[in-house]
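Notes follow the structure.
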Amino acid sequence: MALYLVSTPIGNLEDITLRALRVLKEVNLIACEDTRHTRRLLDHFGINKPTISYHEHNEQARADELVQRLLAGESIAIVSDAGTPGISDPAYRIVTAAIEQDITVVPIPGAVALVTALTASGLSTDSFLFAGFPPHKKMARQAKLEELSGQRATLVFYEAPHRIRETLVDALEIFGDRQAAIARELTKLHEQFIRGNLSALVAHFDAHEPRGEIVLVIAGSGDDNLPPVTSGSITEQVELLMSAAGLSRNDAIKQAAKSRGLSKRDAYPNDAERERK
Ligand code: SAM
């Protein structure tokens, strides 16, 4: 008996491993976040196994029940709707309950949106911090971003499309105009990467309604080794920093210049000249 944590695709059905398919065929039971959703995946691969629900609302009770079945000798696979169980998805409780009972826990690695996004973001992959979904309420979200603002590691977030603009505006206000990337609809037909400074990403979503599944990647603090990635003119960036992040003109110019690796004088020679007089 063993508890298998089976990663499934995050969009493209080809992204399932041979090992995952074998394990799903061999176990006695598959515990799924949404049985109907997983049934479609199983049908696609011709797997006919009993399923049971295991989601955030029944996690504790179901974990106890599944551990009893494991102790009775059954093998059980946990799958979530997409990607790796336990990553912003249920699995943690059953994993800890199984470990307490000395039940073998076997991870079957595969797709995970945060790593898929990070590797193609163009931002540093040496060290990163996955922060999950930012809090929904503005004050809590801003407090969380404040807490992360000194992190040197690249920051990775999951975010819903209807909240991404607000989150980008808060990040711009708290982190400054750092480099960032949006990874949208990964592995799917409309996969898209939008790379640029935070102000450019805000401007992007002013012009295009955010849709689909989104991972947000933001450069860490003091990540000066990267080439500046900017879209649009510096004047546009300054205007956005003033309107979206509420910066004064002077601070907006400083931020925009810094994000492009320029001194204020090089970025805005007339302003620097005026200040000297
Ligand atoms: N367990 C999953 C994993 O391993 O990545 C994450 C589940 S979490 C409930 C769902 C969030 O992951 C989405 O809101 C989105 O932020 C991100 N996500 C999942 N699939 C994605 C995809 N194909 N493209 C971009 N982001 C994705």
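- Remark: side-chain polar atoms of T38 are not paired, donor with acceptor, to backbone N or O of T35 under 3.5 angstrom.
- Within the 3.5 Å criterion, the main-chain N or O of A31 finds no donor-acceptor partner in the side chain of T51.
- Side-chain polar atoms of D34 and S53 form no donor-acceptor pair below 3.5 angstrom.
- With salt bridges taken as basic N to acidic carboxylate O contacts below 4.0 Å, one links R141 and E166.
- Environment of CZ in F45: crowded, with over 12 heavy atoms of neighbouring residues, nucleotides or ligands closer than 6.0 Å.
- For D251 (side chain) and S248 (main-chain N/O), no donor-acceptor pair under 3.5 Å exists by modelled atom type.
- Under 4.0 Å is where a charged nitrogen must lie from a carboxylate oxygen, and between K188 and E213 at least one such pair does.
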Query raised in the report: Would Q142 and D170 satisfy side-chain hydrogen bond (donor to acceptor under 3.5 Å, both in side chains), going step by step from the backbone distance to the final call?
Result: CA-CA 6 Å; Q142 290 190 333; D170 286 345; 3.1 Å; yes
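- The shortest heavy-atom contact between L123 and A219 is CD1-N, 3.8 Å.
- Formation of a donor-acceptor pair under 3.5 Å by the D177 side chain with backbone atoms of A256 is not found in this model.
- Here salt bridge (Lys or Arg N to Asp or Glu O under 4.0 Å) pairs that include residues 7-20, with residues two or more places apart or in two chains, number zero.
- L70 CG to I103 CD1: the interatomic distance, rounded to the nearest 0.5 Å, is 4.5 Å.
- A donor atom on one side chain and an acceptor atom on the other are not found under 3.5 Å apart for Y54 and E33.
- Within the structure, the side chain to side chain donor-acceptor pair (under 3.5 Å) test picks out the following pairs touching residues 126-136 (sequence neighbours left out): H136-R163.
- The ring of F157 has its center no closer than 6.0 angstrom to the ring center of F130.
- Hydrophobic clustering (ILVMFWY, side-chain heavy atoms < 4.5 Å, transitive): L186 and Y158 are in one cluster.
- Under the side chain to side chain donor-acceptor pair (under 3.5 Å) criterion, S121 pairs with no residue at all, not counting sequence neighbours.
- The backbone N or O of I164 lies less than 3.5 Å from no partner atom in the side chain of T167, so there is not a single donor-acceptor pair.
- Salt bridge present: E209 and R211 bring a charged side-chain N and a carboxylate O closer than 4.0 Å.
- Taken to the nearest 0.5 Å, the NZ atom of K49 stands 7.5 Å off from the CD1 atom of I30.
- At a threshold of 4.5 Å between non-hydrogen side-chain atoms, the residues N48 and L42 do not count as touching.
- For E191 (side chain) and T187 (main-chain N/O), a donor-acceptor pair under 3.5 Å exists by modelled atom type.
- The CG atom of L13 lies 4.5 Å from the NE2 atom of H44; values are rounded to the nearest 0.5 Å.
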Requested in this report: Could you walk me through whether Q151 and S221 pass the side-chain hydrogen bond (donor to acceptor under 3.5 Å, both in side chains) test, one step at a time?
Outcome: CA-CA 6 Å; Q151 278 289 341; S221 146; over 6 Å; no
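- Under the 3.5 Å distance criterion, the side-chain polar atoms of S199 are left unmatched by any main-chain donor or acceptor of V238.
- With hydrogens and angles ignored, the 3.5 Å screen pairs no side-chain donor or acceptor of Y4 with any backbone N or O of A20.
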